[in-house]
Amino acid sequence: EAGVVQSPRYKIIEKKQPVAFWCNPISGHNTLYWYLQNLGQGPELLIRYENEEAVDDSQLPKDRFSAERLKGVDSTLKIQPAELGDSAVYLCASSLGRGLSDEQYFGPGTRLTVT
Amino acid sequence: SQQGEEDPQALSIQEGENATMNCSYKTSINNLQWYRQNSGRGLVHLILIRSNEREKHSGRLRVTLDTSKKSSSLLITASRAADTASYFCATGGVYTGANSKLTFGKGITLSVRP
């Protein structure tokens, strides 16, 4: 069974440019998460979807970040415009249930470098 | 904000030794989970312990939870070089709904010397 797929694995962009990350969760997993992980830190939740509904986007900087999960399967996270401080690893995860008591399966992440 | 705080920040041991990592948290939890992250890769779930459990085992892993002290420990017995990774504890809050989420600590870097 395929795990959580993310692309691209690496992205280097100049500041003020837009960037998008794509995630395909494990088949049948209703809950999808986007996390941000800075160097030497643990992941921090950006947004959580249950099917196509964003049920927790309180940590998503909505002035420049947006996300969608139109058909309740794969998801896209976008940053426009990117800032130097956005350099980090963006992780996508999925779980079968709502996540609090469920194992979350993580993708390999997208390492973003903003120059 | 990150609720779980792991201790120590870094740990270096010899292959075959046991590794003990600790996690403390501040607010009431529904469960506590431990994850492992190898360099440059995503996190892998290791074990989950619920707030009404005190100890749990999985292979060479043993997790304890003391809700009165708001702390947990992860013990890896007979460590191997392949256990070299960062280990994170993550706490699941008691609230349900939109504000419920897993909160990760900063992680512990474990190095197992061959």
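Not measured: the values here are computed from a predicted model. The chains referred to below are lettered A, B, ... by the order of the sequence lines, with proteins before strands, and numbering in each begins at 1. Only heavy atoms go into these numbers, but all of them, side chains included; no hydrogens, no water, no symmetry mates.
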B:Ser73: which of B:Asp66, B:Thr64, B:Asn22 passes side chain to side chain donor-acceptor pair (under 3.5 Å)
B:Thr64
As a test of understanding, state which of A:Thr110, A:Leu91, A:Asp74, A:Val4 forms a side chain to side chain contact (heavy atoms under 4.5 Å, CB included) with A:Cys23.
A:Val4
From B:Thr67 atom OG1 to B:Leu32 atom CG, the distance as rounded to the nearest 0.5 Å:
11.0 Å
When the 4.5 angstrom heavy-atom criterion is applied to A:Gln6 and chain B, the contacting part is neither
With only heavy atoms counted, which part of B:Glu6 is less than 4.5 Å from chain A, the side chain, the backbone, both or neither?
neither
What residue, out of A:Ala93, A:Cys92, A:Ala54, A:Pro108, has the most heavy-atom pairs lying under 4.5 Å from chain B?
A:Pro108
Any salt bridge between A:Arg48 and A:Glu50, counting N to O under 4.0 Å?
yes
